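First the proteins, then the strands, lettered A, B, ... as listed; each starts at 1. Predicted, not measured: the structure shown is a model, and the values here were computed from it.
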There are 2 protein chains.
Amino acid sequence: MTVTLADVAARAQVSPATVSRVLNGNYPVAATTRERVLRAVDELDYVLNGPASALAAATSDLVGILVNDIADPFFGIMASAIQSEIGGPGGRAGGERLAVVCNTGGSPERELTYLTLLQRQRAAAVVLTGGAVEDEPHASAVAAKLRRLGEAGTRVVLCGRPPAPDASAIALTFDNRGGGRELTEHLIGLGHRRLGYIAGPEERTTTRHRLEGHRAALAAAGIEEDPRWTVHGRYDRRAGYEATLELLRRDPTLTAVVAANDSVALGACAALRESGLRIPEDVSVAGFDDLPFSIDVVPSLTTVRLPLAEAGARAGRIAMGREEPPHGGIATIRGELMVRGSSGTPRS
Amino acid sequence: MTVTLADVAARAQVSPATVSRVLNGNYPVAATTRERVLRAVDELDYVLNGPASALAAATSDLVGILVNDIADPFFGIMASAIQSEIGGPGGRAGGERLAVVCNTGGSPERELTYLTLLQRQRAAAVVLTGGAVEDEPHASAVAAKLRRLGEAGTRVVLCGRPPAPDASAIALTFDNRGGGRELTEHLIGLGHRRLGYIAGPEERTTTRHRLEGHRAALAAAGIEEDPRWTVHGRYDRRAGYEATLELLRRDPTLTAVVAANDSVALGACAALRESGLRIPEDVSVAGFDDLPFSIDVVPSLTTVRLPLAEAGARAGRIAMGREEPPHGGIATIRGELMVRGSSGTPRS
DNA sequence: AGCGTGACAGCAAGCGCTTTCTATACAGGA
DNA sequence: TCCTGTATAGAAAGCGCTTGCTGTCACGCT
C-alpha cells in the first residue's frame, strides 16, 4: 500500500541501507548512486516513516514547546520566536524538526501529561515557557519528569520561568520582581500613595514575583499597604475589568492601579472609564509585558517591556545546542520600564 | 537503560502481549492481572515508547494544527479552541492525543514542509487554519499533499480557509466577502463616500475576499473607487500605521479607513491620531475579526466579529470524528457586524 | 607482482511495540 | 463423563527503519 524504503531501494537497485544513508546524509555515498536513489524517492513520492526511523535511531525530531495559553500573545510571541530558531521548516538547513506547541491552559495536570506525551515521543528537546504553578506536589512531579527527560537525552530549557529548585534544567528567567518594583517605584515617584494591585492567579510564580516587587517598592517608600488594595484574577482583560470594579468598590480613593499584565490593564482601563474616571488624570494605570497593542491604546500604557522574542529565540537556540547555555545554567532577563501616557501625577 | 514493555512484563510475571493489552485496554484482561501490570508500570516508572507503538500499530496520536502566525491572537484563539477539542491532555478521556501547532509564518514552503513532516509522523489528523496563499504551483502542491494525507487515513479539516478546489478536505470557511461588504455598507450608510482600504498581503485568499466585499459594497452604492484608496500590507499594526500614513498622503480628504483586520486598524488609529485627526469625528475606522482588545481600545472598534473559538472547536471535533462534517463537506460561517465607537458620520 | 588502503555498498540484527493465532483452563450442557 | 464454548494468556511474526560489521573493488605503493 504505502511506499517503503525497500520499494525505493528496489527501484534504485540498491540496498535499503544505501537509501537510508542517502536520506540521512551521514555516510559516504557515491554521487551517481545518490542521484539514482533521489530520483527513485521522487518518482515513488516516498515519505520517510517517522515512527519507524525514530524507533530505529532512538531519537526523534520533535521539539515540544509548552505554553500556558496560546491565545495570549505573550506566549504566542515567545513560541513564535522559539519555533523560528528550532529551525522547523524554513529555519536553517539541516535536520528538519517538528516544533510542536502544546497548550497547557495553565493546568498542572495537562502540563504533566504533555510532558509525558513528549517523553513518550522521545522528543529531542522541550521548552517550557511562562510562570510555573507553585503547588508543591505538582512542582516536584514536574521537576522529576524534567530530570527524567534530561536523563533520556532530551534537552530541557525554561523560558520566562523560574529555575527548577534542583537546577536540573537550563533557565532563562524574567526578572519579574525587579520589573514590578521599578514600575511601582515610578508611580510612587509621581506621588501616588494609594495603589491598587490586580494580581494574577494566586499560585503562579509570575504572579507572586511581580506582587513581591510591587510590595518591596511600597515598603521601601514607607507606604503601608492596605490588604483591600490587592485583588487576584486571571491574566486576561475580563479579570482586569472585574477586579478594577471591585477595587473601586473597596476604596474609591485609589489614585493608581497596577495590573498583572497588559491585558489586565486594558480591562482596568475600560472599567475605570465606565466608572467615569479619566486616565491618568484621575487614576493612573500600569501594565506589564509591553505587548504590541500597549503602545496603541489610548492613553498608551505605562508598562515593563519584556524582551519576549529575544528570550524565546535564545531559548530555542540553546535547546538546539546552537548556543552556549548561560553560565551556571541560569540567566536572568531584565525588563525595561516604559513610561507612557497612562501614568501621571495623582489628583491632589 | 530505559525501561521497556518487556521489563514491565517480567516484573508483573506476564507476557509483553498482556502488558500491551492492559495499556491499550482493547482486549479482555483479568482484573487481578491488570492490577499487577499497572503496579509494575508504576513501580518501574514506565513510559510507552511512542514511535515503537506508532510503528507497530501503524497509527499515531499526533494531530497537527497549521497556523500562519502564532503570535497573532486570531490564530491563537482558533488553535486554542481546536486543541481543547482534540482532547489533548485534560480533554475528554480516552486516547490522549498530542495536538501540535505548527507555525508556517505565512510561508508556502514551510506550510508544505510541515505537511510533509506531519505525513511522516503519520498524524491522525491535520487542521489548517486561516487564509491560503493563492500562488498556483503552491496551491496545487498543497492540494496534492492533502489528498495524499487523506488517502493515508489522516483526517484533514480546513478552518477559516476556503475549500480546496477539488473539495478533497472538509472546510469551515469564513464569509470574508460578506463581512467585508457589510462593513463597508455600514460606512456608506453613515454617509462616507471616500473610503481608504488597507488590505492584507496581495496573494492571500482572505485579503482578496475581504477586499472584494468592500468593492462590492462600493459598486452597489454607485461609488467609483479611486485606485489610490487601496494599499496592501501585512496583517499587523505596523503595516496599518504605515499604510494609513500613505493613504493620507495620497488623499487627505478620506473620511474613513477600512482595515484588513483589527490589528491593522489599531495601527491606523495611531497614525490618524498622530496626524491630528480625531476618530470618528474626522475619520472613521473599521477593523475585522473582533479580537478581544477591540472592544477596549478608545474609541472601541467597529468591526466584524468572527466566531473564531466556535469555528475552531467545531473543526477540532470534526477532526476527531466526534461531529458530523457539514453537508457537502463545506460550511460557511458568517461574521457579525459590530458597530462601535470608531465609526460615525463623516465631517461635512 | 603483491598487498595495504580507501571508498562504497550490502547483510542482517535489532529498535520496542502490536496483534493474529494458538494454547490453556475452566464452566456448563448433553 | 466427555465435548463444546468462553475467557484469558502467551508465542511469535512482523511494522519500516538504522547501523555495525563485513565484504568488494580499484588504486597506488613497495
- Item | Spacing between Leu23(B) atom CG and dC17(C) atom P, to the nearest angstrom | 9 Å
- Message: Using 0.5 Å steps for rounding, measure from the CG atom of Leu308(A) to the CE atom of Met78(A).
- Response: 5.5 Å
- Message: Nearest whole Å is fine: how far is dC15(D) C1' from Leu5(A) CG?
- Response: 13 Å
- Figure out the CZ/C1' separation between Arg122(A) and dC15(C), and round it to whole Å. 11 Å
- Message: Could you measure the distance from the CD atom of Glu85(B) to the CD1 atom of Ile318(B)? Nearest 0.5 Å is fine.
- Response: 10.5 Å
- Comparing nearest nucleotides in DNA chain D, the 5'-proximal residue of the pair Ala31(B), Val47(A) is Ala31(B)
- Mind calculating the distance between CD (Glu35(B)) and C1' (dT8(D)) to the nearest angstrom? 17 Å
- Query: To the nearest Å, how far apart are Arg34(A) CZ and dA7(C) C1'?
  - Reply: 13 Å
- Item | Side chain Ser20(B), main chain Pro16(B), donor-acceptor under 3.5 Å | no
- Strand-adjacent residues in residues 9-22 of chain A, judged by heavy atoms under 4.0 Å from DNA chain D: Ala17(A), Ser20(A), Arg21(A)
- To the nearest Å, how far apart are Arg36(B) CZ and dT8(D) P? 14 Å
- Would you say a side-chain N or O of Thr33(A) is under 4.0 Å from OP1 or OP2 of dA9(C)? yes
- Message: Consider salt bridge (charged side-chain N to carboxylate O under 4.0 Å, His left out). Of Lys145(B), Arg147(B), Arg148(B), which one does Asp45(A) pass it with?
- Response: Arg148(B)
- May I ask you to evaluate whether Asn49(B) reaches the phosphate of dC15(C), defined as a side-chain N or O under 4.0 Å from OP1 or OP2? no
- Atom pair distance, as rounded to whole Å: CG in Leu48(A) and P in dC15(D): 17 Å
- For Leu66(A), does its backbone N or O pair with a side-chain atom of Thr129(A) as donor and acceptor, under 3.5 Å? yes
- Task: Please state whether the base of dA9(C) and the side chain of Tyr27(A) form at least one donor-acceptor pair under 3.5 Å?
- Result: yes
- Taking only heavy atoms on the protein side, list every residue of residues 55-64 of chain A lying under 4.0 Å from any atom of DNA chain C, sorted numerically. Leu55(A), Ala56(A)
- Task: To the nearest 0.5 Å, tell me how far Arg122(B) CZ sits from Ser60(B) OG.
- Result: 9.5 Å
- Message: Between Asn103(A) and Ser80(B) (side chain of the first, backbone of the second, donor and acceptor by atom type, cut-off under 3.5 Å), is there such a pair?
- Response: no
- Task: Check whether any side-chain N or O of Thr104(B) sits under 3.5 Å from a backbone N or O of Val67(B) as a donor-acceptor pair, and report yes or no.
- Result: yes
- Note on the structure: When rounded to the nearest 0.5 Å, the distance separating CG of Leu55(B) from OG of Ser53(A) is 10.0 Å
